[in-house]
Amino acid sequence: MQSSSANEAYDPHANTEKWLGVWQDRKVFEASDLTADTGDGRPRRYVVSMFPYPSGDLHMGHAEVYSIGDALARYARLTGADVLNPIGWDSFGLPAENAALRRNLDPGSWTYGNIDVQAESFRRLGISFDWRTRLHTSDPEYYRWNQWMFLLMYREGLAYRKAAPVNWCPNDQTVLANEQVVQGKCERCGAEVERRNLTQWFYRITQYAQRLLDDMDQLGKWPEDVLRMQRNWIGRSTGARVQFTIEDRDEPVQVFTTRPDTLFGATFFVVAADAELADDLCAPEQRGEFEAYLVKTRAATDIERLAADRPKTGVFLGRYAINPINGEKLPVYASDYVLADYGTGAVMAVPAHDQRDLDFAVAMGLPVRMVVDTGEADPAETGVATAGLGALVNSGQFTGQDTVAGKAAIIAELGRLGLGEATVNYRLRDWLLSRQRYWGTPIPIIHCPSCGEVPVPEADLPVRLPESGYELRPTDGRAPLESATDWLAVPCPTCGGAARRDTDTMDTFVDSSWYFLRYPNPGYTDGPFDPEGIRRWLPVAEYIGGKEHAILHLLYARFITKVLHDRGLLPFVEPFTRLTNQGQVIMNGKAMSKSLGNLVNLQEQIADYGPDAVRVTMLFAGPPEDDIDWADVSPSGAVKWLARVIRLAGDVTASSPGEGSLELRRQVHRLIDATTTLMDGRRLNVAIARLMELTTVLRKAADGTPGPADPALREGAEALVRMLSCFAPFTAEDGWERLGRTASVIEHGWPHAEPELLVVESVTCVVQVAGKVRDRLEVAPDISEDDLRALALASAKVDRALAGAAIRDVIVRAPRLVNVIPQK
RNA sequence: GCCCCCGUAGCCCAACAGGCAGAGGCAGCCCCCUUAAAAGGGGUCGAGUGCCGGUUCGAAUCCGGUCGGGGGCACCA
């Protein structure tokens with residue numbers, strides 16, 4: 001039978017503006033109590049999608065994140081929660097400067113222009129944001145609180161300035177955090193990063209390393225791989241700190257080692273060539289050689305340094321270190337294979353049991369002494385270090401102990417001598433905060449020739465960016481803010497004398513490390529965030545975003561949250577209770593890029609298929625965390641389905657929902673129940689499949705029995721449309737209207753599966769013989785094991801399959817399965 | 001080099017807690033509608049789960065190995 005409206009066109013664009021207007025008028029997406037309690041008693045649910053950077057219009061990737069977040073927010077709202085689904089913009093950052101340079105305008109107008117474009121695109125996609133949360137990190141009212149937090153950190157000793165070898169991107173003309181360097185290249189522009197010794201601002205995140213690890217216990221609803229990546233990044237290792245005296249020097253030198261058991265095998269000592277310590281230790285007669293080596297080291301890029309097969313080089317510094325365990329004299333070398341900023345920048349070299357040390361020993365002709373017998377050949381012979389466990393040899397009183405016992409015993413002995421102790425070291429470095437850029441938060445510090453570093457008084461915040469009188473890229477290599485001479489000169493807050501402002505701006509990850517705290521009251525002026533808003537909404541119940549932020553943003557946000565907690569400003573230590581990662585939208589197996597020519601334009605997709613079909617396509621393509629290859633999915637398939645739903649809604653002639661066909665009601669409620677369970681498990685793609693199934697069930701019911709006038713059909717169609725509103729909100733409203741109901745469908749909530757309709761009166765039981773299916777029985781769901789066994793053994797098909805063989809065993813899993821095992 | 005994840009119809013994906021491998025979509029094929037085509041509607045075909053072995057009455061699911069793909073860290077002492 002042909003449906004009555006089969007030829008009617010489904011126009012996915014016809015009513016979008018109408019529904020947007022209805023939603024806005026009825027304020028359906030506004031949380032009921034942002035900061036003042038309305039006492040409506042609904043549970044609150046804070047659903048946050050990572051905010052966008054306004055680099056242009058929204059792209060496919062944005063559409064995916066916000067489709068996921070919106071489906072979860074809408075589902076929570078439908079099931080009775082008071083939902084806050086906020087939006088803001090991560091609007092400081094380098095691309096604005098680059099664009100401004102190219103187009104000869106200022107970063108602000110480029111940025112805010114893009115924000116307006118994105119806001120309009122969000123609106124037309126029908127994302128259910130509460131727009132009252134809207135914030136931009138580049139607004140002075142926002143970034144003043146970056147400065148406020150900086151001053152707080154500064155007072156607590158958590159913000160500090162030091163000279164250090166740092167990553168410098170020659171293309172972007174700025175330093176980069178460790179986290180922003182990938183394979184020796186600038187994560188943003190791909191230029192090879194250089195090492196420069198510069199004085200920079202840092203946040204002391206390393207002080208929180210252990211807590212960042214420990215509190216992961218609370219993150220049970222985070223993807224396992226994100227936690228693993230963070231653990232990896234923090235890189236905890238346990239070992240010992242050992243103190244070496246240096247001949248003819250008062251100051252001893254500490255090293256960190258994970259293998260204190262190999263202390264007797266140390267045959268030389270190495271310090272990082274680019275560490276200050278190397279310079280300190282260098283004997284006068286070796287000065288020339290050392291300086292020459294240092295120049296070469298500094299010239300090498302990270303790429304060169306990272307090359308795995310690079311031969312070891314170094315210079316003797318003309319000094320000797322004393323092994324605290326046996327008094328041996330160890331020659332001290334400087335080399336670039338030791339890292340200046342890990343541990344203490346110095347290592348005890350045990351060539352027999354560390355491949356790097358062995359390579360260096362071979363290159364320099366230094367002795368190799370085996371002190372752990374691992375059962376492998378002597379490294380001195382083979383050139384292969386033995387790093388495994390074994391028994392100590394050549395280790396004085398410790399000889400004979402195994403690795404584990406030896407470690408403990410040697411640490412104990414060092415402790416007795418006052419020359420060492422067990423300790424923990426982390427790979428994590430302090431967060432390099434300052435950037436030599438314009439479009440960011442100015443660092444609220446004034447440098448005074450007589451008072452030194454002076455914090456800007458809180459009353460003078462915000463330190464605003466100069467709007468004129470600066471150059472974005474000064475030709476003399478200075479930072480942009482150094483060129484803002486009027487802005488630069490200020491009286492010292494302490495002595496009143498002539499002073500100058502700090503000219504660095506903050507990494508934009510500072511902005512994004514706390515924005516979710518401000519959403520409930522973005523206009524709050526008494527602090528960075530409203531404590532009432534925090535109490536009502538935080539921590540974030542559901543955080544959605546890409547895995548590319550697994551380390552950077554998420555680690556920083558966790559850190560800042562802990563700092564604020566420790567100062568009594570937040571009642572929790574972890575900001576995000578549940579994290580959902582979404583994958584990338586790719587095209588033909590590759591990330592979309594202009595150079596590959598495989599860009600898919602979001603606006604074109606929306607124009608072709610409508611916002612709902614684009615959203616459904618993304619959510620149906622697979623689990624949220626999987627990448628979506630746009631070449632593998634079918635937006636036209638989504639359009640077809642949505643059109644079927646609309647036609648179905650138009651074909652329902654029953655005037656009210658209610659009883660009607662029991663059989664149909666059973667199917668409908670079974671599918672409501674299944675979809676609900678899937679939504680609760682965030683299985684959005686499977687949930688949509690269930691709705692498609694429901695559509696087919698209802699279509700058949702309308703075309704055959706019980707027919708279009710059966711109340712059960714209306715019940716099913718209304719349930720379908722209500723559930724659909726999570727994924728295809730415009731179409732759902734269209735369908736609701738076509739069913740003769742009045743807007744908004746959203747206000748009618750999520751359908752309820754009635755338990756009595758979920759009870760089945762019979763199930764199919766599979767009867768196997770030797771694991772092969774031989775018969776099927778329709779049985780009551782609560783059949784007893786004994787009855788079922790008897791029933792199965794009475795089966796003629798089973799009998800035939802047994803072919804006279806005796807029965808060895810019968811496995812019964814009522815009511816679904818019986819397995820008869822014959823004697824062989 | 002170290003660590004982790006994933007391999008199910010031509011493709012994207014399902015499969016409760018080890019129990020009938022298939023829910024859904026795309027493509028294909030057939031039929032209907034149509035003057036015709038497109039669009040639409042209805043139906044249908046289709047894999048024994050990368051490979052080898054083990055545990056089990058029973059394995060896509062658990063274990064070991066192997067191949068392939070993806071990811072994280074990487075001179076971190």
Side-chain angles (χ1 to χ4, degrees), chain A residues 1-3 6-10 182-183 223-226 228-233 235-237 239 255-259 262 270 272 305-310 312 335-339 341-350 353-357 359-360 387 425-429 547 550-551 589 616-617 620-623 625-629 631-638 640-641 643-644 647 671 674 677-678 683 685-696 699-700 703 764-774 776 808-813 816-822:
Chain A
M1 177 180 163
Q2 191 62 34
S3 79
N7 297 318
E8 227 169 287
Y10 160 71
V182 178
Q183 304 280 303
E224 195 42 56
D225 55 340
V226 172
R228 209 192 56 248
M229 282 162 72
Q230 291 210 356
R231 265 193 206 99
N232 220 333
W233 188 261
R236 182 182 202 269
S237 55
V255 301
F256 172 74
T257 176
T258 56
R259 292 298 301 274
T262 61
V270 191
R305 285 190 58 150
L306 286 171
D309 50 352
R310 201 160 145 267
K312 295 278 185 287
S335 172
D336 62 4
Y337 88 89
V338 172
L339 304 176
D341 52 359
Y342 181 77
T344 62
V347 301
M348 61 179 221
V350 183
H353 308 297
D354 183 292
Q355 191 61 47
R356 297 158 299 182
D357 295 343
D359 292 343
F360 190 81
N425 206 35
Y426 301 90
R427 207 191 66 98
L428 182 70
R429 311 290 155 85
K547 220 185 297 184
I551 298 171
V616 165
T617 303
F620 181 59
E625 63 276 13
D626 284 10
D627 286 348
I628 299 171
D629 194 327
D632 288 338
V633 296
S634 172
S636 63
K640 243 191 269 185
W641 174 48
R644 289 176 75 207
R647 280 195 304 275
L671 287 167
T677 305
L678 291 162
R683 316 266 327 268
N685 56 323
V686 193
I688 290 174
R690 289 293 94 81
L691 297 188
M692 290 173 170
E693 198 181 342
L694 178 56
T695 310
T696 302
R699 179 77 259 161
K700 284 185 176 150
D703 290 346
T764 305
C765 175
V766 175
V767 184
Q768 301 176 331
V769 176
K772 289 199 176 103
V773 180
R774 298 298 185 183
R776 286 159 207 277
R808 196 177 78 200
D809 200 3
V810 181
I811 309 285
V812 183
R813 293 285 176 271
R816 297 250 170 229
L817 178 131
V818 177
N819 190 6
V820 182
I821 300 127

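All chains are named by letter (A, B, ...) in the order of the sequence lines, taking the proteins before the strands, and each is independently numbered beginning at 1.
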Trainee: Tell me what A:Gln355 touches on the nucleic acid: a base, only sugar-phosphate, or nothing, going by heavy atoms under 4.0 Å.
Mentor: nothing

Trainee: Measuring from the side chain of A:Glu693 (C-beta onward, heavy atoms only), which nucleotide among B:C73, B:A23, B:G19 has the closest atom?
Mentor: B:A23

Trainee: Any base atoms under 4.0 Å from A:Arg429, or only sugar-phosphate, or nothing? Heavy atoms, all strands.
Mentor: base

Trainee: If a protein heavy atom is under 4.0 Å from the base, mark B; if only from the sugar-phosphate, S; if neither, -; do that for nucleotides 4-12 of chain B going 5' to 3'.
Mentor: S------SS

Trainee: Salt-bridge test for A:Arg259 and A:Asp354: reply yes if a basic N is under 4.0 Å from a carboxylate O, no otherwise.
Mentor: no

Trainee: Counting just side-chain N and O atoms, does A:Tyr426 come under 4.0 Å of either OP1 or OP2 of B:C76?
Mentor: no

Trainee: Taking only the side-chain heavy atoms of A:Arg427 (C-beta and beyond), determine which of B:A74, B:C75, B:G72 contains the nearest atom.
Mentor: B:A74

Trainee: Let me spell it out: for each of A:Asp809 and A:Arg259, pick the nucleotide of RNA chain B with the closest heavy atom. Which residue's pick is nearer the 5' end?
Mentor: A:Asp809

Trainee: Have a look at B:G48 and give me syn or anti from its glycosidic angle (syn if within 90° of zero).
Mentor: syn

Trainee: Please pick, from B:C20, B:A74, B:A14, the nucleotide with the shortest atom-to-atom distance to any side-chain atom of A:Thr764.
Mentor: B:C20

Trainee: Is there a donor N/O on one and an acceptor N/O on the other, under 3.5 Å, for the side chain of A:Arg816 and the base of B:G19?
Mentor: no

Trainee: At 4.0 Å (heavy atoms only), tell me whether A:Lys640 reaches a base, stays on the sugar-phosphate, or touches nothing.
Mentor: sugar-phosphate

Trainee: Looking at A:Asn425, does any N or O in its side chain come under 4.0 Å of the phosphate oxygens OP1/OP2 on B:A77?
Mentor: no

Trainee: So, is A:Lys312 close to the B:A77 phosphate, meaning a side-chain N or O under 4.0 Å from OP1 or OP2?
Mentor: no

Trainee: What nucleotide, of B:G40, B:G19, B:A14, holds the atom closest to the side chain of A:Ile811?
Mentor: B:G19

Trainee: OP1 or OP2 of B:C13 less than 4.0 angstrom from a side-chain nitrogen or oxygen of A:Arg690, does that happen here?
Mentor: no

Trainee: Under 4.0 Å: is that the gap between some side-chain N or O of A:Ser237 and OP1 or OP2 of B:A77?
Mentor: yes

Trainee: Which part of the nucleic acid, if any, lies within reach of A:Trp233 when heavy atoms closer than 4.0 Å are counted: base, sugar-phosphate only, or nothing?
Mentor: sugar-phosphate

Trainee: Quick one: A:Trp641 CH2 to B:A23 P, roughly how many Å, whole number?
Mentor: 19 Å

Trainee: Please determine, for the side chain of A:Met692, which listed nucleotide (B:A77, B:A14, B:G25) has the closest atom?
Mentor: B:G25

Trainee: Can you tell me how the ring of A:Tyr342 sits relative to the ring of A:Phe256, calling it parallel under 30°, perpendicular over 60° and tilted otherwise?
Mentor: perpendicular

Trainee: Which part of the nucleic acid, if any, lies within reach of A:Lys772 when heavy atoms closer than 4.0 Å are counted: base, sugar-phosphate only, or nothing?
Mentor: nothing

Trainee: Start at the 5' end of RNA chain B and walk down; is the nucleotide closest to A:Arg644 or to A:Arg813 reached first?
Mentor: A:Arg813

Trainee: Would you mind pulling out the nucleotide paired to B:C73, Watson-Crick or G-U wobble, both distances under 3.5 Å?
Mentor: B:G1

Trainee: Just compare B:G41, B:G72, B:A77 and give me whichever is closest to any side-chain atom of A:Arg647.
Mentor: B:G41

